[in-house]
There are 4 protein chains.
Amino acid sequence: MAKPRSSEKRNMIFQAGLRLFAQNGYSKTTIKDISTEANVSFGTVFTYFTNKEELFHLCVTEPIDEFRNYLIEPETLENFNLGTLKEMVTKHLNFFLEKEDYLRVIQYVIGQPERFSETMEELDQFSDEFMSFIQNVVQTGMEQGVLPESNPEEVGYGYLAFLMGARLTFTDYPGVQLTNALGKQAYRLFGIGI
Amino acid sequence: MAKPRSSEKRNMIFQAGLRLFAQNGYSKTTIKDISTEANVSFGTVFTYFTNKEELFHLCVTEPIDEFRNYLIEPETLENFNLGTLKEMVTKHLNFFLEKEDYLRVIQYVIGQPERFSETMEELDQFSDEFMSFIQNVVQTGMEQGVLPESNPEEVGYGYLAFLMGARLTFTDYPGVQLTNALGKQAYRLFGIGI
Amino acid sequence: MAKPRSSEKRNMIFQAGLRLFAQNGYSKTTIKDISTEANVSFGTVFTYFTNKEELFHLCVTEPIDEFRNYLIEPETLENFNLGTLKEMVTKHLNFFLEKEDYLRVIQYVIGQPERFSETMEELDQFSDEFMSFIQNVVQTGMEQGVLPESNPEEVGYGYLAFLMGARLTFTDYPGVQLTNALGKQAYRLFGIGI
Amino acid sequence: MAKPRSSEKRNMIFQAGLRLFAQNGYSKTTIKDISTEANVSFGTVFTYFTNKEELFHLCVTEPIDEFRNYLIEPETLENFNLGTLKEMVTKHLNFFLEKEDYLRVIQYVIGQPERFSETMEELDQFSDEFMSFIQNVVQTGMEQGVLPESNPEEVGYGYLAFLMGARLTFTDYPGVQLTNALGKQAYRLFGIGI
DNA sequence: CATGAATGAGGCTTCATTCAT
DNA sequence: AATGAATGAAGCCTCATTCAT
């Protein structure tokens, strides 16, 4: 009963699931919808995923590793200055604004933590890691005199809230323009006036 | 066919609907769940609401007016200084952190705008009003020399994103502590304390 | 619990029921529909009729007596000639073509005899009476040399079938024209060529 | 989404639907009833038919083609005489008396034309074709001196009414006997034996 | 008598999952 | 591995009937 871990078709189904779960939520999305979107027959979905719940869980959790590597860059800490900070912020904002489908399902899960508790746990863990990284950034920035006196925890809270909200709040807006506008505000959260 | 607009039972159902939609989303929430939670029989739900969809739509849109009056205070503009600004921010944060159920359903809708397009429209309209109010606040603050040079639109974007994200991101955290922490960050978005 | 036998409102409800049962059948017609059509409140229907089933049964059976008197005229037998026969046929045809609503519900019941067995019995009884009357007419006509040699039973069968079919088959056609056309055919069933 | 057009099971469901719709009408007949009668699971009905309404519509309209071929025989016109006419009448009567289930649903639809307007249209079309065929028969019969002077349209009306009524009126009667009795009356409608 | 809110049984339909091919 | 017909549990909604006002 072991499901194949990788294959062309599995990926098609996975992407289709991600897209549709993001757009319509869990219950509204049907296996039929997914199979159609993936150009795959109905039964094939069950060849690669045990059931709908597992597919959803994997759509949310599988990409976490990739994103961890992308969003948490130790180099930022090693070689810290205003330039690397701004690069980091831009990277974060772009990611949150571009990975629309993925962020949506994440927000979907976060919005119903009791319902998807198991999935939520894995997200929480990543969220903690990310927050802790940001706090490190703030700490480092303060120590090096690049950032003003701040409470690293508070900055972390605010920054994460800001990033999540950006994705949630501005669905239709053109990306680049928004990145610039929100970028300035993000710097302000770190205490940088420009 | 005309459904009674107000009654003890209607309100029970409404509140139960809001609570459950917030917790489990639209599809997962059943009319049976709602009627049980409201201590009302199954059929009674349909005495007050045409169908599930309408109940959901009303759960999202009916409170808007009340919140408009609460969140958009023209007095803030008439008598503007750092104190009134901080009061406003505190009020906003408290609201976004306390009206948990309501904010969750709003975020649920925003996360699936195509699915709930009609409901989304009414939310968008309110969001525009709110953003425009914030921009007025920034403009007034700048004119009076209370706020530093800023792009009002950018501050509006950032502030709204921040508020929405606050609610979404920190579900379990104790309110007061978080209000303080996030409050400082909110001021920073207006350019205060940088 | 005795229901009032006659009243302005009862009659309104009765007529509305007849009309709607004729148009939409039993199950599709709701008490709400009937009360609305009768300009009466919902609950009032139950003031005059025990339940829906009884209302339907009465809509079909109550008018029978009136129609018996109209359709079965002993005078036709007492003073028989071609003229009275033609008068009778015209009367019958007009009745079957004009009492649209009533004939429709009758045909509705006849079409589902197992479903409305009790109601059907009363209709059957009337149908027997009517058939027997027609056989008498034929017998009398033959004895008086007005009608050709015929099997009275067969004429009765055919004539009733013809009348019922007329009502069923030609819903939209203009009455007078049809009465003339079908009248000639009815005479033929009695063996009269014109 | 495409439903299989033919299969053992589809046919079982179709026949069961026809039988039950004929016996109890549309609303009273449940999908559960049909599936049970067809020895099929509940859900299987929806594998072959989109919904109840479509099943009903098809029960009424699908057999039309077959019956068109059976009831409308051009040969009757090509080789016309009293014998072929009587054969035709017998054929028609047998059909109307034997296809009990099918005729009942037809009459059910005709009795509620507003309710089943789409289905009714297809029936009307066939009815026109049939009537036109009968008129041709009468015209031909007159031209060949086999039938007396008649108004073909009137004969058509009367004959169709007669056939429809035969089925409706005599539900319980033994077929053969009735065919003979009604046969004679049918000839009379064509002006034969008067 | 008149009214209509309250109730819940019952029907249609959807859809995840199974399984034979 | 791939397919899709078969299944039936579960949800929404309708509506006859009751009953308190």
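Numbered from 1 within each chain, the chains take letters A, B, ... in sequence-line order.
When the nucleotides F:dT17, E:dT7, F:dG4 are ranked by their closest atom to the side chain of A:Ser41, F:dG4 comes out on top. Between F:dT17, F:dC12, E:dC12, one nucleotide has an atom nearer to the side chain of B:Phe46 than all others, and that is F:dC12. Side-chain atoms of B:Lys9 lie closest to E:dT7 of the nucleotides F:dG4, E:dT7, E:dG4.
Of all heavy-atom pairs spanning C:Asn24 and D:Arg115, the tightest one is O-NH1, 2.7 Å.
For DNA chain E, if you chain together Watson-Crick or G-U pairs that step i with j, i+1 with j-1 and so on, the runs of at least three with distances under 3.5 Å are E:2-21 with F:2-21.
When the side chain to side chain contact (heavy atoms under 4.5 Å, CB included) test is applied to C:Glu118, no partner is found at least two apart in sequence or on another chain. With sequence neighbours left out, C:Ser117 forms a side chain to side chain contact (heavy atoms under 4.5 Å, CB included) with no residue at all. Remark: C:Lys52 engages C:Phe21, C:Tyr26, C:Ile31 in a side chain to side chain contact (heavy atoms under 4.5 Å, CB included) (not counting sequence neighbours). In terms of the side-chain hydrogen bond (donor to acceptor under 3.5 Å, both in side chains) criterion, residue partners of D:Lys32 (sequence neighbours excluded) are, by chain and number, D:Thr36. In this view, C:Asn39 satisfies the side chain to side chain contact (heavy atoms under 4.5 Å, CB included) rule with no residue, not counting sequence neighbours. Residues satisfying the ring-ring contact (aromatic ring centres under 6.0 Å, His included) test with A:Phe42, not counting sequence neighbours, are none.
For the pair D:Glu53 and A:Gly43, both in contact range of DNA chain E, the more 5′-proximal nearest nucleotide belongs to D:Glu53. With the nearest nucleotide of DNA chain E identified for both B:Phe42 and C:Tyr48, C:Tyr48 has the one nearer the 5' end.
D:Leu55 places its CG atom 10 Å from the P atom of E:dT13, with the value rounded to the nearest Å. Taking atom CG of residue A:Asn51 and atom C1' of nucleotide E:dT18, one finds them 13 Å apart after rounding to whole Å. Atom P of nucleotide E:dT13 and atom NZ of B:Lys52 are separated by 18 Å, given to the nearest angstrom. If you measure from atom CD1 of B:Ile13 to atom P of E:dT7, you get 9 Å, rounded to the nearest angstrom. The distance between atom CZ of A:Phe49 and atom C1' of F:dA1, rounded to the nearest whole Å, is 15 Å.
Listed by residue number, the members of residues 20-40 of chain B with any heavy atom below 4.0 angstrom from DNA chain F are B:Thr29, B:Thr30, B:Ile31.
OP1 or OP2 of F:dT3 has at least one side-chain nitrogen or oxygen of A:Thr44 nearer than 4.0 Å.
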If you look only at distance, which donor and acceptor atoms sit under 3.5 Å apart when one is on a side chain in residues 10-18 of chain A and the other is two or more places apart or in another chain?
| unit_1 | atom_1 | unit_2 | atom_2 | d |
| --- | --- | --- | --- | --- |
| A:Arg10 | NE | A:Pro4 | O | 3.4 |
| A:Arg10 | NE | A:Arg5 | O | 3.2 |
| A:Arg10 | NH2 | A:Glu62 | OE2 | 2.8 |

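Note on B:Glu114 versus A:Lys28: no salt bridge recorded, every NZ/NE/NH1/NH2 to OD/OE distance being 4.0 Å or above.
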